[in-house]
Amino acid sequence: LNGCSGPSSSYTITVNPLPEVSVPANITVCTGTPISASSFSSIPAGATYTWTNSNNTIGLPASGSGNVPAFTAVNPSAAVQSATVTVTPLLNGCAGPSSSYTITVNPLPTVSVPTNSTLCSGTGVSATNFNSIPAGATYTWINSNPAIGLPSGGSGNVPAFTVTNTSTAVISGTITVTPTLNGCTGPSSTYTITVNPLPVVIVPANSTVCSGTTIPSFSFSSVPPGATYTWTNSNTAIGLAASGSGNVPSFTAINNTGSPFTATITVSLLLNGCVGPPTSYTILVNPLPAIISASAIGESFCNADDGSITIYATGTAPLEYSINGGASFIRNGGNFTGLGAGSYSVAVRNSTGCIILGPTLSVSSPGAPPTPRINPYTSPICQSSPLVLSIQNPDPMVTYVWTGPLGFTFTGPSVTRPNADLSMSGTYAVNATIGSCVSASRIFSLSVSPLPVATVPVSLTYCPGTT
């Protein structure tokens, strides 16, 4: 100062560098993924940090200081969610430039699957096209039961296939579908396919009968049990209706022609909505022979044994003839000679074994006692009741001989047949004999009625309010 230099003084200017922070690389994760804590570092070392999060729906708070803590990434929406984490370092009072990184959280896809279904074996199932939210997922699936006709597993959509069930029980397969989108595997969804077996009906064996035969009702059964039935008859001329439901009722087979004919009974069935394969059986009905005439000539005198019977019949040859009610047959052209006095029941059998019962004829003796009179009797009588016949005012000097269906014979003034059955229906005769002289027969018919059988519905279970 004033030309004079004073002593020097000094001061220092210290310039701190701005810290720079190193942040994690950008990441993409699936919702539910655990995210480790982020340990930041700075150059120079030793900075402190503050950070902000642009989208706290990912599960991270909106801001904080220090390192970003561990958290679980979440995405409650169906769209991709991203958050930008911005970190600012501070060192020696100097705030460095902010650095950012991004956390992208993909949602887990969900898959829409078909509703559960119940089908009949043999039903075709269309290909199943799955849908996902968000759209665009890929799929893998597994099937718990390949016996339904679908492979045990696959990828993509389930292909078209035909359901099968070769057992007699209901079977099911559970299909579990897992979606994957953007590397994220969503929760599995399942649906069930239940396959009912086709029922099979058990029908009678084919049968061959003669016209006039009573064919009993047949109760069908099914595997599995519980089916309902409908049936058709190809030939109503046999005496059975053209169609019906339930079991085929009892009926009397008819063939009024000269040749055999056949009816095919076809039974269809339904169980749990499934129609089983129709099954058929046949009933062949052979015609009966026809008796055109039958006549008797009596003995020329008592005990002459020179009576005769002549039968003329037509039918499927060769014909066989009987005069003991069908107990035995012979092929003699219908001519019987050398007969003693008595009652003879005519029958004719054709080559198919069908028998027609004819009249009961009387071979009498000249000078024989009068034709016996019988007391009133009940006809028809009920099956299992006693059949009782008796002579009106029997003569103790006379022998009474009774004959009836299927070779029945009895000697005495009265006859009791306990527990009458249907085979006892038919023509009866009784004659009177004194010594060797036999009267003309008293011929009459008697029938036995079957006991009625009540037909009741099958047991059923209904829900309240069902009509």
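Numbering of residues begins at 1 and proceeds along the displayed sequence.
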With a 4.5 Å cut-off on side-chain heavy atoms, are [Y] and [X] touching?
| X | Y | answer |
| --- | --- | --- |
| Y191 | V158 | yes |
| E299 | D305 | yes |
| Y139 | T178 | no |
| T110 | P187 | yes |
| I265 | T232 | no |
| S364 | S439 | no |
| T123 | T162 | no |
| V29 | N106 | no |

[X] side, atom [atom1]; [Y] side, atom [atom2] - distance, nearest 0.5 Å:
| X | Y | atom1 | atom2 | answer |
| --- | --- | --- | --- | --- |
| F251 | T214 | CZ | OG1 | 9.5 Å |
| L288 | C210 | CG | SG | 6.5 Å |
| F301 | C437 | CZ | SG | 10.0 Å |
| T192 | N145 | OG1 | CG | 11.0 Å |
| S414 | I391 | OG | CD1 | 9.0 Å |
| N324 | Y344 | CG | OH | 10.5 Å |

Show your reasoning for whether side-chain contact (heavy atoms from CB on, under 4.5 Å) applies to V285 and I283.
CA-CA 6 Å; V285 184; I283 300 174; 4.1 Å; yes
Minimum-distance pair of heavy atoms, taken over all atoms of [X] and [Y]:
| X | Y | answer |
| --- | --- | --- |
| A241 | W231 | O-CZ3, 3.5 Å |
| P413 | P394 | CB-CB, 3.9 Å |
| N255 | N286 | ND2-C, 3.8 Å |
| N206 | T282 | OD1-N, 2.9 Å |
| C120 | V195 | C-CG1, 4.3 Å |
| A313 | L319 | O-CD1, 3.6 Å |

Exam field: side chain [X] to backbone [Y], donor-acceptor pair closer than 3.5 Å:
| X | Y | result |
| --- | --- | --- |
| T190 | T174 | no |
| N143 | I175 | no |
| N131 | A135 | no |
| N157 | F130 | yes |
| Y400 | D395 | yes |
| T409 | V401 | no |
| S121 | N165 | yes |
| S132 | V111 | no |
| S365 | A341 | no |
| N350 | C354 | yes |

Taking atom types as modelled, is there a side-chain donor on [X] or [Y] under 3.5 Å from an acceptor on the other?
| X | Y | value |
| --- | --- | --- |
| T399 | T433 | no |
| S280 | T266 | yes |
| T316 | T352 | no |
| S390 | N375 | yes |
| T360 | S345 | yes |
| N55 | Q81 | yes |
| S217 | N247 | no |

Salt bridge (Lys or Arg N to Asp or Glu O under 4.0 Å) filter on R331, not counting sequence neighbours, yields E320
Is it true that, when you exclude I133 itself, more than 12 heavy atoms of the residues, nucleotides or ligands shown sit nearer than 6.0 Å to its CD1?
no
Tell me, yes or no, whether the heavy-atom count around Y377 atom OH, taken from other residues, nucleotides or ligands under 6.0 Å, exceeds 12.
yes
Any chance you could lay out the side chain to side chain donor-acceptor pair (under 3.5 Å) test for N419 and S384, step after step, and finish with the verdict?
CA-CA 4 Å; N419 298 319; S384 299; 5.4 Å; no
Give the intermediate values and the outcome of side-chain contact (heavy atoms from CB on, under 4.5 Å) for residues L150 and W141.
CA-CA 11 Å; L150 181 67; W141 52 267; 4.1 Å; yes
Could you go through Y428 and V415, starting from their C-alpha distance and side-chain angles, then the distance that decides it, and tell me whether this counts as side-chain contact (heavy atoms from CB on, under 4.5 Å)?
CA-CA 12 Å; Y428 286 77; V415 56; over 6 Å; no
Result of checking F408, W402, F410 against R417 for side chain to side chain contact (heavy atoms under 4.5 Å, CB included)
F408
Begin with the C-alpha distance, continue with both residues' side-chain angles, and end with the deciding distance and a verdict on side chain to side chain donor-acceptor pair (under 3.5 Å) for T104 and S82.
CA-CA 4 Å; T104 300; S82 292; 3.1 Å; yes
Run the side-chain contact (heavy atoms from CB on, under 4.5 Å) check on V203 and F220 step by step: do they pass?
CA-CA 6 Å; V203 300; F220 301 123; 4.3 Å; yes
